[in-house]
There are 2 protein chains.
Amino acid sequence: MSADPKIPPEGGPAFADHDHAQCAGNTLARAEAEAARLGARLTPVRKRTLEILLEAHRAMGAYEVLDRLAAEGFGHQPPVAYRALEFLVEHGLAHRVRRLNAFAACMHPGEDHAPVFLICRVCDAVAEADAAPVRGALDQVAAGHGFAVERANLEALGLCPACAARGE
Amino acid sequence: MSADPKIPPEGGPAFADHDHAQCAGNTLARAEAEAARLGARLTPVRKRTLEILLEAHRAMGAYEVLDRLAAEGFGHQPPVAYRALEFLVEHGLAHRVRRLNAFAACMHPGEDHAPVFLICRVCDAVAEADAAPVRGALDQVAAGHGFAVERANLEALGLCPACAARGE
DNA sequence: AGGCGATTGATATAGTATAACATGTCGGCC
DNA sequence: GGCCGACATGTTATACTATATCAATCGCCT
Ligand SMILES: [Zn+2]
Ligand SMILES: [Zn+2]
Ligand SMILES: [Zn+2]
Ligand SMILES: [Zn+2]
């Protein structure tokens, strides 16, 4: 039942130590501004979903998010979580991490970025890095095949600095 | 239903037109050599699974592979397909395409490569491109975060040359 | 023959995701 | 005010993807 081998530190920080409450609040504010700019309605479920992702500062599965939402009086069915998450992803307020079948809040809402995800295989922390250089190389390789890249999933699995220092 | 070399869609070839029977046979031979080199046993189910992937020359879901295997007298249960696929992936004879929850035969077995996948969103063809430049950029970006990349999933979605020419 | 690890198969279940329908809410518009 | 359509939320039901576990078998070595 709860013999979870991985113990993702509750609200674990991304790679760099930081004041996470401020980091989450900050990002939420930017996300709200971005939603307003887009004319996207950040309703209660959606906002709460985003807050949950931001507070955790890690990738969360849809059902994990759903449990939290349900515990707070929202719907108990999968579509409740999936719809909110889909909304966030579509509007660039969150990202889907396919390697983990999970979702993570976007740390740079409104910046129109193509992220690369750095996923620690030990602590499950997920950091969003700038993909511009990677994307450039990708576009060039693809061009060599006559292929036009529209979207890319770039996800790296490895060791975060903290876990590497801890001797993995 | 399979003869016209000009039409990619069903079981379509990768991006470049080619003699697919030869392409598949060739790759299978190289895969067998690689398996032998590794001391990996390419048993009937495993070999047939690889052949199925090679013949299709596209990414296939585990259950799709399972249906084929079952129709040919192998087991009818999911683990049959998942185990064979896992074996192939572990030995570098196939790759997992997470974006599609699917698997594709490796076109360069034994070359110790880190592939990038180019996935056509129209015809579902999947090409395996050299990821070395992409991987280099990725490593550099990751290093900037103190992150050590061990494995990466690099998958691009877009338009293959044939579909682009056909006016998308 | 007997032991042993690897392989295959079946049963059962876990985990992830979406289709389809019902209800409610909030606008503009007559 | 009353109507209407767009959207949001919620529910039921189901589809799709993946793994844990036990049982039988096979190849190989002693
Ligand atoms: Zn982002
Ligand atoms: Zn870590
Ligand atoms: Zn390959
Ligand atoms: Zn195509």
Side-chain angles (χ1 to χ4, degrees), chain A residues 1-6 8 35-36 38-53 58-91 93-104 124 153 155, chain B residues 35-36 38-53 59-91 93-104 124 153 155:
Chain A
M1 184 180 295
S2 54
D4 194 328
K6 287 205 176 179
L38 295 174
R41 294 179 48 197
L42 202 53
T43 61
V45 220
R46 292 168 177 173
K47 179 170 172 182
R48 190 66 198 116
T49 299
L50 179 55
E51 286 173 353
I52 288 170
L53 292 179
R58 64 186 172 88
M60 296 179 75
Y63 280 75
E64 196 180 354
V65 170
L66 176 59
D67 285 348
R68 301 263 210 126
L69 290 174
E72 297 178 21
F74 294 99
H76 289 58
Q77 274 55 47
V80 170
Y82 279 100
R83 280 197 291 235
L85 291 166
E86 179 185 32
F87 172 90
L88 295 175
V89 169
E90 272 176 3
H91 292 82
L93 307 181
H95 299 288
R96 188 169 196 156
V97 184
R98 302 202 94 101
R99 173 93 196 200
L100 303 175
N101 290 328
F103 300 82
D124 272 354
N153 291 107
E155 307 178 355
Chain B
L38 295 174
R41 296 179 48 199
L42 203 52
T43 60
V45 220
R46 292 168 177 172
K47 180 172 173 182
R48 190 65 199 117
T49 300
L50 179 55
E51 287 172 355
I52 288 170
L53 291 179
M60 296 179 75
Y63 280 75
E64 196 180 353
V65 170
L66 177 58
D67 286 346
R68 302 262 212 126
L69 290 174
E72 297 179 20
F74 295 100
H76 290 58
Q77 275 51 47
V80 169
Y82 278 100
R83 279 197 292 234
L85 291 166
E86 179 186 32
F87 171 90
L88 295 174
V89 170
E90 271 176 3
H91 293 83
L93 307 181
H95 299 288
R96 187 169 196 154
V97 184
R98 301 201 97 100
R99 172 91 196 203
L100 303 174
N101 289 328
F103 301 82
D124 270 353
N153 291 106
E155 307 178 353

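Within the 4.0 Å cut-off from OP1 or OP2 of D/dT17, not a single side-chain nitrogen or oxygen of B/R98 is found.
The separation between A/L85 atom CG and C/dT18 atom C1' is 14 Å, rounded to whole Å. Going from atom CG of A/N101 over to atom C1' of D/dT17 covers 9 Å, rounded to whole Å. Look at CD on B/E86: it is 13 Å from C1' on D/dA20, rounded to the nearest Å. Atoms CG (B/L42) and C1' (D/dG27) sit 17 Å apart, rounded to a whole Å. D/dT9 atom P lies 18 Å from atom OH of A/Y82, rounded to whole Å. Nucleotide C/dG15 holds its C1' atom 12 Å from the CG atom of A/D67, rounded to whole Å.
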Tabulate atom names and distances for all N/O pairs under 3.5 angstrom spanning the protein and nucleotides 6-10 of chain C.
unit_1: C/dT7; atom_1: OP1; unit_2: B/R46; atom_2: NH1; d: 3.3
unit_1: C/dT7; atom_1: O5'; unit_2: B/R46; atom_2: NH2; d: 3.4
unit_1: C/dT8; atom_1: OP1; unit_2: B/T43; atom_2: OG1; d: 2.3
unit_1: C/dT8; atom_1: OP2; unit_2: B/R46; atom_2: NE; d: 3.4
unit_1: C/dG9; atom_1: N7; unit_2: B/R83; atom_2: NH2; d: 2.4
unit_1: C/dA10; atom_1: OP2; unit_2: B/H76; atom_2: N; d: 3.2
unit_1: C/dA10; atom_1: OP2; unit_2: B/Q77; atom_2: OE1; d: 2.6

Derivation of the side-chain contact (heavy atoms from CB on, under 4.5 Å) call for A/E51 and A/K47: CA-CA 6 Å; A/E51 286 173 353; A/K47 179 170 172 182; 3.3 Å; yes

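The side-chain heavy atoms of A/L42 and A/F87, taken from C-beta on, include a pair separated by under 4.5 Å.
A/R46 places a side-chain N or O within 3.5 Å of a backbone atom of A/R41 that can act as its donor or acceptor partner. At least one donor-acceptor pair closer than 3.5 Å links the side chain of B/E155 to the backbone N or O of B/R98.
Here the closest heavy-atom approach between residue A/L53 and residue A/A94 is recorded as CD1-CB, 4.2 Å.
Look at B/E86 and B/R83 and you find no salt bridge, because none of the NZ, NE, NH1 or NH2 atoms lies under 4.0 Å from a carboxylate O.
A donor-acceptor contact under 3.5 angstrom links the side-chain atoms of A/Y63 to the base of C/dA17.
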